[in-house]
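Structure first, commentary second.
As the structure lists them, so they are numbered: ligands from 1, and atoms in each ligand from 1.
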Amino acid sequence: MSSLQHLFPINLNANWQDTVPEAVNTYVKDWLLDESSLTARLKANAKTFRLEVLGQQITYCDEHEACVYVKAGDRVLVREVILYCDDQPQVFARSLLPLTSLTGEQKVLAELGEQPLGQVIFNSPTLKRKALQVAKFSATSKLSQLNDTLGLSKEMEFWGRRSTFLVNNKPFLVAEVFLPGALAYQAKSETTS
Ligand SMILES: C=C(O[C@@H]1C=C(C(=O)O)C=C[C@H]1O)C(=O)O
């Protein structure tokens with residue numbers, strides 16, 4: 001049982017934008033707009049990688065997460081995880097997996113456990129990723145309790161992104177927030193995968 005389970009669901013109600021403000025550091029921008037697998041990039045830049053599941057439950061898509069592919073009120077399996085590199089929290093991820101998408105070969109996405117979602121969907125030849133949106137989070141965001149629990153900085157602004165993946169033309173909504181102190185904010189040379 002995750003020590004963070006009591007925080008689930010954290011939800012992400014943010015002011016999502018279609019473009020990254022000019023003022024954002026180019027290094028952070030590179031992580032925000034990287035369309036490749038985040039799991040793979042984190043693994044390439046760490047000795048150890050770990051995924052912790054905060055929780056999963058069936059719920060309804062709400063207004064602020066609805067999009068052209070998943071309507072408000074659609075039944076979804078919500079999954080929230082933390083990705084760690086060398087035991088340092090990197091990413092809080094919240095995914096909405098519509099029940100109507102969890103069919104056929106994609107049924108396995110309902111039973112991922114600690115296997116990263118990206119490790120499965122990026123192996124699909126039919127994968128398409130729709131446009132990324134970004135958002136800035138502040139200490140007052142709902143994530144601040146998570147940051148407190150993880151012992152992360154309360155001061156810094158931090159950024160996230162979201163996009164829709166289509167696998168066999170079935171939509172999956174994925175939002176990822178780079179937590180304070182993550183590699184995404186450390187402008188140093190990294191391994192390019
Ligand atoms: C989509 C990816 O999968 C990652 C793993 C997730 C999970 O297991 O729930 C969710 C979002 C991503 O951080 C990726 O690796 O790019």
Side-chain angles (χ1 to χ4, degrees), residues 2 4-5 7-12 14 16 28-46 48-59 61 65 67 69-70 76-99 101-102 105-135 137 143 146 150 152 158-168 170-185 190-193:
S2 159
L4 303 170
Q5 199 160 5
L7 297 173
F8 175 80
I10 288 187
N11 298 318
L12 281 180
W16 295 102
V28 177
K29 207 177 281 184
D30 178 67
W31 280 85
L32 279 172
L33 300 179
D34 186 346
E35 295 185 3
S36 66
S37 167
L38 185 51
T39 298
R41 184 167 178 178
L42 290 173
K43 283 185 170 179
N45 287 281
T48 64
F49 173 87
R50 179 166 66 89
L51 181 147
E52 181 178 9
V53 178
L54 270 66
Q56 281 198 179
Q57 69 185 15
I58 291 178
T59 183
C61 181
E65 291 180 298
C67 64
Y69 297 98
V70 184
V76 295
L77 176 65
V78 61
R79 169 182 166 88
E80 294 182 351
V81 303
I82 305 277
L83 307 183
Y84 295 81
C85 284
D86 304 328
D87 286 332
Q88 172 71 29
Q90 297 295 318
V91 170
F92 164 75
R94 173 181 165 87
S95 302
L96 299 187
L97 314 176
L99 301 196
S101 294
L102 294 171
E105 288 174 12
Q106 281 65 53
K107 268 186 192 164
V108 295
L109 300 180
E111 319 281 339
L112 284 168
E114 295 184 353
Q115 181 182 16
L117 173 67
Q119 214 158 281
V120 179
I121 63 174
F122 275 89
N123 285 332
S124 167
T126 67
L127 181 70
K128 294 191 194 84
R129 184 170 206 163
K130 307 309 281 183
L132 283 155
Q133 288 186 306
V134 299
F137 294 85
L143 283 163
L146 172 69
L150 290 170
L152 302 177
F158 50 110
W159 287 84
R161 73 214 190 129
R162 72 178 184 178
S163 64
T164 301
F165 287 96
L166 297 177
V167 183
N168 286 341
K170 293 184 275 191
F172 299 96
L173 311 185
V174 176
E176 297 150 318
V177 180
F178 294 102
L179 297 170
L183 289 170
Y185 304 111
E190 66 164 300
T191 313
T192 45
S193 49

Seminar exercise, completed: Quick look: L83 vs ligand 1, heavy-atom contacts under 4.0 Å, and the answer is side chain
For this session: Would you mind listing which atoms of ligand 1 come within a distance below 4.0 Å of any non-hydrogen atom of S95?
Result: 10 (C)
Problem set entry | Shortest protein contact, atom 13 (O) of ligand 1 (heavy atom only) | E176 OE2, 3.0 Å
Exercise. For T39, is at least one N or O under 3.5 Å away from an N or O on ligand 1?
Worked result: yes
Seminar exercise, completed: Output for pair (L51 CG, L112 CG), nearest 0.5 Å, gives 9.0 Å
Seminar exercise, completed: Quick note on ligand 1: atoms under 4.0 Å from a heavy atom of P116 include exactly 8 (O)
Seminar exercise, completed: closest protein heavy atom to atom 5 (C) of ligand 1 is L117 N, 3.6 Å
Problem set entry | Candidate pair F122 and F165, rule ring pair (Phe, Tyr, Trp, His ring centres under 6.0 Å), full reasoning | CA-CA 10 Å; F122 275 89; F165 287 96; 5.7 Å; yes
For this session: Within a distance under 4.0 Å of any heavy atom of V174, pick out the atoms of ligand 1 and give their elements.
Result: 11 (C)
Exercise. How far is atom 3 (O) of ligand 1 from its nearest protein heavy atom, and which residue and atom name does that atom have?
Worked result: G118 N, 2.8 Å
For this session: Calculate, to the nearest 0.5 Å, the distance between atoms CG and CD1 belonging to L109 and I121 respectively.
Result: 7.5 Å
For this session: Please indicate whether Q119 has more than 12 foreign heavy atoms, meaning atoms of other residues, nucleotides or ligands, lying under 6.0 Å from its CD.
Result: yes
Exercise. Which atom pair, heavy atoms only, marks the closest approach of Q106 to N168?
Worked result: OE1-ND2, 3.1 Å
Problem set entry | Side-chain (R50) to main-chain (E114) donor-acceptor, under 3.5 angstrom | no
Seminar exercise, completed: A93 heavy atoms within 4.0 Å reach ligand 1 at atoms 10 (C), 11 (C), 13 (O)
For this session: Just say parallel, tilted or perpendicular for the rings of F137 and W16, cut-offs at 30° and 60°.
Result: perpendicular
Exercise. Short N/O distance, under 3.5 Å, between S37 and ligand 1?
Worked result: yes
For this session: Mind checking the OG1-CZ spacing from T164 to R129? Nearest 0.5 Å is all I need.
Result: 9.5 Å
Seminar exercise, completed: For V81, the atoms of ligand 1 under 4.0 Å from one of its heavy atoms are 7 (C), 9 (O)
Exercise. Between L38 and ligand 1, does any nitrogen or oxygen pair lie at a separation below 3.5 Å?
Worked result: yes
Exercise. What atoms in ligand 1 come closer than 4.0 Å to a heavy atom of L51?
Worked result: 8 (O)
Exercise. Which of the listed options, R41, R79, E52, holds the heavy atom that is closest to atom 7 (C) of ligand 1?
Worked result: R79
Exercise. Would you find a donor on one side and an acceptor on the other, under 3.5 Å apart, between the side chain of Y185 and the backbone of F178?
Worked result: yes
